[in-house]
Amino acid sequence: MLHLALESRLQAAVAAVLPGVSVDTVRVRPASDSKFGDYQSDALMSLARARKCNPRQLATDVVARLEIADLCEPVEIAGPGFLNFRLRPGSIEAVLLSALRGEHLFFSSTPRGRTRTVVIDYSSPNVAKPMHVGHIRSTILGESLARVLRLLGHRVVTDNHIGDWGTQFGMLLLGWKTLLDAAALDQDPIAELERIYKAVNASCREHPDTLEQARAELVRLQAGDSENLTIWREMIRLSQVQFDAVYGRLGVRFDHTLGESFYNPWLGDVVEQLMARGIARESEGAIAVFSDGTVPPKEDPFLISRDGEWVANPALIRKSDGAYNYATTDLATLDYRIKTWAPDEIVYVTDGRQQLHFRQLFQAFHRWQPDAAGRVRLIHAWFGSILGEDGKPFKTRSGETVKLSDLLDEAEERALRVVVEKRPELDAAVQREIARKIGLGAVKYQDLLPNRQSDYVFSWDKMLALTGNTAAYVQYQCTRAGKVLRDSGVLPGSWVTGPALILEAPAEGALARHLLSFGLTLEAVADECRPNLLCNYLYELAGLFSRFYDSCPVLKAEEPARSTRLALCDLTGRVLRQGLECLGIEAPETM
RNA sequence: GCACGGGUAGCUCAAUUGGAUAGAGCGUCGGCCUCCGAAGCCGAAGGUUGUGGGUUCAAUUCCCGCCCCGUGCACCA
């Protein structure tokens, strides 16, 4: 909050000293160490370097023009040219008071620039298959980004691009007609669909005629055969029931679920347009997009080096049998989204193995519709794989993928064991509800905590650990803050007329300063698609609160310490709750 | 072969994108409940940031070489 005020004053001073220089890079941020004050800026050093002048001299000149006496003490020039800002007593207290009055919660919900429209594409499970651990990162990461962007005042459109079309439906239709067990379908639809798919798939490998039959079913579906369409729609409906159950548990909600099949009517047109513009051409019976040679080979997604030579690495948009690929669907999808929502950004949350595909997709689209491409920022927010203890892609002992619903069950069970042990006096139903929030929080937090681009090793014990840097720790500090507030008897809204706040103890100041950085953190999460920054922020805030709680009695303190500390409990609780909500994690009242 | 990631404490990971003394958790060792909730707090040990060079006031971060690991590279998505 305050850093923005300091930043604009500093930018004005820099502009006065160096007219014409771009001040965008002049930033003020929280001090790396409290001995340097509250805020610092290192911007003048790089500026001096670019202008080939003495950094300390530049700092002296800028500080002379700096008008911030109302906000902080005289600015100190340190080391090679750092500016250290020490806030005047009362500055932080004033921000806390305005937060207590409900004017803000240390972030701005009206963007500084223009309000952006952001389409987010995430989760994207496949019809007729169980959702498994492979879907967890995309789902949780995408949901978190959507929540943060919305909180910051942007217009967000979430779209679940489910896999409801493709060659697998030939086998599924054949299996449905020849192998389906109606009772089993009733009992567990997805398991039965998976069973018939695997059976037909295995049979295809041995019997060429089974493969031929499956292809025939696919052709009938694509031709609009009414029986096959009916079965296909039923498979989608059954799958959607499963998706909804999982999303309901996870608290995930989509604005739209426009699967691959939605775009079928436009695919032929996409291919024709690309051919007409010379972007795509026939090759070995298929139709593909090739390099146009406008970028260096190393950066060209349509070229690849093999045995020391750059050879074509085309993106197929129509197979030799006439069927379309996902590149085609993705192009049509991109076109539809831009025409429908006019987004400023489209974020794709998928795993890192699809990087080349998206580079090709983005470049092909840019060549196809340069004007539209110029108005939208396309972002592939990719993430690493979940590995087993052996460092290979994560599977169960029997080699199956782990179902998401089983994972969530196990998380809740493990959490329940802890709750029952710690709080035996609570009702069973209350224990279960607390365990639900803790168990699901544990799964989500462990998934969001590592840098999204790195692989992580799956471990039940680590994922469901309830100590250390975990959701449970943050949730626990949240309940402590809430408990103190409840015990105090303070009525909501009574702060407006309450006594003045005075921060005195070091633990109070450290906690308060960190509260002020909430907005900075949210902005960084939105800019870089990295919720792990928010996890780290919340963990640090929870830790600062815990130390404050340990060293500063609240209810027994004399005024004004009592009010100040109650205010810190209130605001910390609110920020922790809001932050957890951004991660899709619920905060229990008690645990 | 080429591209994209990664290599940081015994293990799992951070490090506000070039900033001031590289931080957490788990594990190990030692302290703290007569006091608002101990799912907590305090302290100790643990590092040549894979490696060799370069750029500069400053490099885990940027550039070049090399060594490991992962992923991708024409009709699956």
Side-chain angles (χ1 to χ4, degrees), chain A residues 27 29-33 35-36 40 42 45-46 48-49 55-56 78-82 84 124 126 163 166-168 260 283-288 297-299 301 303-321 323 325-327 329-330 350-357 359 382 384-385 387 391-392 418-419 421-422 438 449-451 453-457 459 461-462 465-470 472-473 475-477 479-480 483-484 487-488 517 520-521 524 528 532-533 535-537 539-540 543 546-547 549-557 565 569 590-591:
Chain A
R27 309 302 284 269
R29 58 187 203 189
S32 59
D33 191 311
K35 76 183 178 199
F36 299 129
Q40 68 180 44
D42 52 45
M45 289 180 283
S46 48
R49 181 168 159 68
R56 286 195 65 107
F82 287 100
N84 291 338
S124 312
N126 290 313
T167 48
Q168 75 271 25
E260 294 169 354
S283 170
E284 297 174 31
I287 293 174
K298 285 182 85 145
E299 295 162 28
L303 289 180
I304 194 159
S305 172
R306 201 157 283 165
D307 301 326
E309 270 189 69
W310 292 100
V311 298
N313 181 44
L316 271 65
I317 55 171
R318 202 176 79 183
K319 300 198 286 182
S320 50
D321 66 2
N325 302 66
Y326 76 141
T329 313
D330 279 353
T350 84
D351 78 80
R353 288 174 301 193
Q354 297 186 46
Q355 285 176 88
L356 182 61
H357 165 71
R359 284 179 58 213
W382 60 270
S385 311
L387 307 175
K392 291 176 182 159
V418 179
V419 175
E421 186 201 322
K422 301 261 182 193
I438 293 173
L449 182 61
N451 185 323
Q453 293 183 331
S454 52
D455 296 345
Y456 77 86
V457 174
S459 150
D461 290 336
K462 263 173 217 131
L466 302 177
T467 57
N469 189 352
T470 62
Y473 179 82
Q475 288 168 323
Y476 177 64
Q477 302 308 337
T479 65
R480 284 172 133 188
K483 181 68 162 41
V484 176
D487 289 349
S488 73
S517 300
L520 198 63
T521 305
E528 298 168 39
N532 67 311
L533 298 174
C535 293
N536 291 335
Y537 171 84
Y539 178 65
E540 209 168 311
S546 191
R547 268 157 254 156
Y549 181 91
D550 210 55
S551 61
C552 301
V554 180
L555 301 178
K556 289 173 203 150
R565 291 173 183 178
C569 287
T590 179
M591 61 186 273

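Protein chains get the first letters and strands the later ones, always in sequence-line order, with residue 1 at the start of each. Side-chain atoms are counted along with the backbone in the values below, which use heavy atoms only and exclude waters and symmetry mates.
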### Summary
Applying the Watson-Crick and G-U criteria (both distances under 3.5 angstrom) with [ ] for crossing and | for other-strand pairs, one obtains for RNA chain B (((((((..((((.....[...)))).(((((.......))))).....(((((..]....))))))))))))....
### Query
For B:C29, is chi within 90° of 0 (syn) or not (anti)?
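What B:C29 shows is an anti base, its glycosidic angle lying more than 90° from 0.
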### Task
Find which nucleotide of RNA chain B each of A:D550 and A:V554 is nearest to by heavy atoms, and output the residue with the more 5' nucleotide.
A:V554
#### Entry: Nearest-nucleotide comparison on RNA chain B, the residue closer to the 5′ end among A:A472 and A:T167
A:A472
### Set of residues satisfying side chain to side chain donor-acceptor pair (under 3.5 Å) with respect to A:T350, sequence neighbours excluded
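Partners of A:T350 under the side chain to side chain donor-acceptor pair (under 3.5 Å) test: A:H380.
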### Message
Please enumerate all residues that pass side chain to side chain donor-acceptor pair (under 3.5 Å) together with A:Y456, with sequence neighbours excluded.
### Response
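Testing A:Y456 for side chain to side chain donor-acceptor pair (under 3.5 Å), a comparison that skips the adjacent residues, returns A:D447.
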I want to check one thing: is the phosphate of [N], taken as OP1 and OP2, less than 4.0 Å away from some side-chain N or O of [X]?
X      : N     : answer
A:S546 : B:G40 : no
A:R547 : B:C42 : yes
A:Y473 : B:C41 : yes
A:K422 : B:A39 : yes
A:Y326 : B:A77 : no
A:K556 : B:C36 : no

Set of salt bridge (charged side-chain N to carboxylate O under 4.0 Å, His left out) partners for [X], sequence neighbours left out:
X      : answer
A:R318 : none
A:D33  : none
A:R306 : none
A:D487 : A:K483

### Task
Before accepting this row, confirm whether a basic side-chain N of the pair A:D42/A:R27 lies closer than 4.0 Å to the acidic partner's carboxylate O.
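So A:D42 does not pair with A:R27 through a salt bridge.
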### Message
When the P atoms of B:A59 and B:G50 are compared, how many Å lie between them, rounded to an integer?
### Response
15 Å
### Task
Taking atom P in both B:U56 and B:C63, compute the distance separating them and give it to the nearest angstrom.
16 Å
### Summary
With sugar-phosphate taken as primed atoms, P, OP1 and OP2 and all else as base, the protein-contact string of nucleotides 67-74 of chain B at under 4.0 Å (heavy atoms; B, S, -) is ---SSSBB
## Note on the structure
Letter by letter from the 5' end, nucleotides 19-30 of chain B scores (B base, S sugar-phosphate only, - none; protein heavy atoms under 4.0 Å) BBB--SSS----
### Task
Apply ring pair (Phe, Tyr, Trp, His ring centres under 6.0 Å) to A:F36 and list each qualifying residue two or more places apart in sequence or on a separate chain.
none
### Task
Could you tell me which residues satisfy ring pair (Phe, Tyr, Trp, His ring centres under 6.0 Å) with A:Y326, sequence neighbours excluded, listed by chain and number?
A:H357
### Query
Between A:Q40 (side chain) and A:S32 (backbone), is there a donor-acceptor pair under 3.5 Å?
yes
### Query
By side-chain contact (heavy atoms from CB on, under 4.5 Å), which residues pair with A:A323, not counting sequence neighbours?
A:K319, A:D321
### Task
Determine the contact category for A:C535: base if any of its heavy atoms lies under 4.0 Å from a base atom, sugar-phosphate if only primed atoms, P, OP1 or OP2 are that close, otherwise nothing.
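Touches nothing.
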